[in-house]
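In what follows, residues are counted from 1 in the order of the sequence shown. These values consider heavy atoms only, across backbone and side chains, with no hydrogens, waters or symmetry-generated copies.
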Amino acid sequence: YTDCNFAGIEVKPEVLMQIVDNKKAVIYHVSAEKKFQWSPSQVSRIYGLFVGYSAIDNGARPINSFSNLFLGDVLRQDVLESPAILLALKHSFTKIKTSIKIQGVMQLKSSVVSNESTDFVPDYYNSPLNKMQELDIAVSKNFGKYVWLNASFGMLNYPNLSLTNVTLHYNNVQTMFGKLDCRITF
């Protein structure tokens, strides 16, 4: 891994070699960030991330679950859901300790359906899975040193395994969510 700077854009590539019995693969993670300082009290940040892999052995997939990527606010996509992309724009008003963030996360290829423990369980119809997607909008505000309030709204698109008349099948679910977080530190 490394950290490079090109024309004010911070680029962080990382490459991992997975060597496990008949599951050899190269896993890569590339992020890029650009900051814009509009005034002493306003700054914008554009951020992008790509996670993917290339199989060396036939059918090899990443097995490093719990790699702490957690792309998305609700779906929490990880290396197992790659290839995936994240794009975000955050504008901060530093003087009033407030920020607005728009973020989108999307799988570029649908997850795998198989009997392996790391995959989606097959349904009775061999239904294809849709690509998981999430779009989030959040407004955050700090009150003093110890209180943080965050209001989020988002839209999700994901496969859901359902049981209808004793038959398992995947549905493409499109839904919205909203949440309000408050953190108090001591």
Side-chain angles (χ1 to χ4, degrees), residues 1-40 42-94 99-114 116-120 128-140 142 148 150 152 154-159 177 181 183:
Y1 63 93
T2 188
D3 189 344
C4 311
N5 197 314
F6 300 104
I9 300 171
E10 187 176 10
V11 179
K12 296 179 180 179
E14 181 177 349
V15 179
L16 301 170
M17 180 67 184
Q18 172 180 290
I19 302 175
V20 179
D21 302 329
N22 299 322
K23 295 180 182 174
K24 295 178 196 74
V26 176
I27 302 165
Y28 38 92
H29 173 283
V30 180
S31 66
E33 177 180 340
K34 173 79 174 169
K35 290 182 183 178
F36 300 92
Q37 187 78 40
W38 304 107
S39 70
Q42 290 191 46
V43 64
S44 295
R45 176 180 167 231
I46 296 174
Y47 180 80
L49 170 78
F50 176 78
V51 178
Y53 69 93
S54 295
I56 295 172
D57 291 330
N58 191 23
R61 298 204 15 243
I63 60 172
N64 62 330
S65 60
F66 307 109
S67 55
N68 299 322
L69 294 177
F70 304 129
L71 306 179
D73 195 40
V74 174
L75 293 179
R76 301 293 195 197
Q77 297 180 60
D78 212 328
V79 174
L80 296 175
E81 285 80 40
S82 67
I85 190 167
L86 176 142
L87 296 172
L89 171 63
K90 182 177 181 180
H91 186 78
S92 299
F93 303 91
T94 54
S99 65
I100 299 169
K101 180 178 175 183
I102 298 171
Q103 174 178 289
V105 179
M106 181 174 99
Q107 275 186 303
L108 299 178
K109 184 178 173 186
S110 298
S111 293
V112 175
V113 176
S114 82
E116 290 188 26
S117 62
T118 58
D119 298 321
F120 280 73
L129 300 176
N130 59 297
K131 298 175 195 168
M132 290 187 275
Q133 302 171 2
E134 180 176 342
L135 178 63
D136 305 320
I137 299 170
V139 178
S140 299
N142 288 77
W148 175 78
N150 183 63
S152 299
M155 294 176 282
L156 308 170
N157 187 15
Y158 60 94
F177 75 93
D181 297 314
R183 293 185 190 162

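With values rounded to the nearest 0.5 angstrom, Asn150 atom CG is found 7.5 Å from Arg183 atom CZ. One distance of note links NZ of Lys131 with CE of Met106; it measures 5.5 Å at 0.5 Å rounding. The OH atom of Tyr28 sits 8.0 Å away from the OG atom of Ser82 when rounded to the nearest 0.5 Å. Distance check: Gln133 CD to Ile85 CD1 gives 12.0 Å after rounding to the nearest 0.5 Å. A distance of 5.0 Å separates CD1 of Ile100 from CZ of Phe93, quoted to the nearest 0.5 Å.
Within the 3.5 Å criterion, the main-chain N or O of Ile27 finds no donor-acceptor partner in the side chain of Gln18. Distance alone, capped at 3.5 Å, is enough to place a donor-acceptor pair between the Gln107 side chain and the Glu81 backbone.
Listed by chain and residue number, Tyr47, Leu86, Lys101, Gln103 satisfy the side chain to side chain contact (heavy atoms under 4.5 Å, CB included) test with Ala88 (two or more places apart in sequence, or in another chain). Checked against side chain to side chain donor-acceptor pair (under 3.5 Å), Trp38 has the following partners two or more places apart in sequence or in another chain: Ser44. Checked against salt bridge (charged side-chain N to carboxylate O under 4.0 Å, His left out), Asp136 has no partners two or more places apart in sequence or in another chain. For Lys24, the salt bridge (charged side-chain N to carboxylate O under 4.0 Å, His left out) partners two or more places apart in sequence, or in a different chain, are Asp57. Applying the salt bridge (charged side-chain N to carboxylate O under 4.0 Å, His left out) criterion to Lys12, with sequence neighbours excluded, gives Glu10. Considering only residues two or more places apart in sequence or on other chains, Glu14 meets the side chain to side chain donor-acceptor pair (under 3.5 Å) condition with none of them.
Shortest non-hydrogen contact noted between Ser39 and Gln37 is O-NE2, 2.6 Å. Considering every non-hydrogen atom in both Ser152 and Ala138, the closest pair reads OG-CB, 3.8 Å. Taking both residues in full, the closest heavy atoms of Thr94 and Gln42 are given as OG1-N, 4.1 Å, listed atom of the first, atom of the second, then distance. For the residue pair Ser99 and Ser92, the shortest heavy atom distance occurs at CB-OG, 3.7 Å. Residues Ile9 and Ala32 come closest through the heavy atom pair CG2-CB, 4.1 Å. Across all non-hydrogen atoms, the minimal contact from Ser110 to Leu129 is OG-O, 2.7 Å.
Using a 4.5 Å heavy-atom cutoff, the side chains of Leu135 and Ile102 are in contact. Using a 4.5 Å cut-off on side-chain heavy atoms (C-beta onward), Ile46 and Phe36 make contact. No side-chain heavy atom of Val74 sits under 4.5 Å from any side-chain heavy atom of Tyr158. Within the 4.5 Å cutoff, side-chain heavy atoms of Met17 are placed close to those of Ile56.
Around NZ of Lys90, the count of heavy atoms belonging to other residues, nucleotides or ligands within 6.0 Å does not exceed 12.
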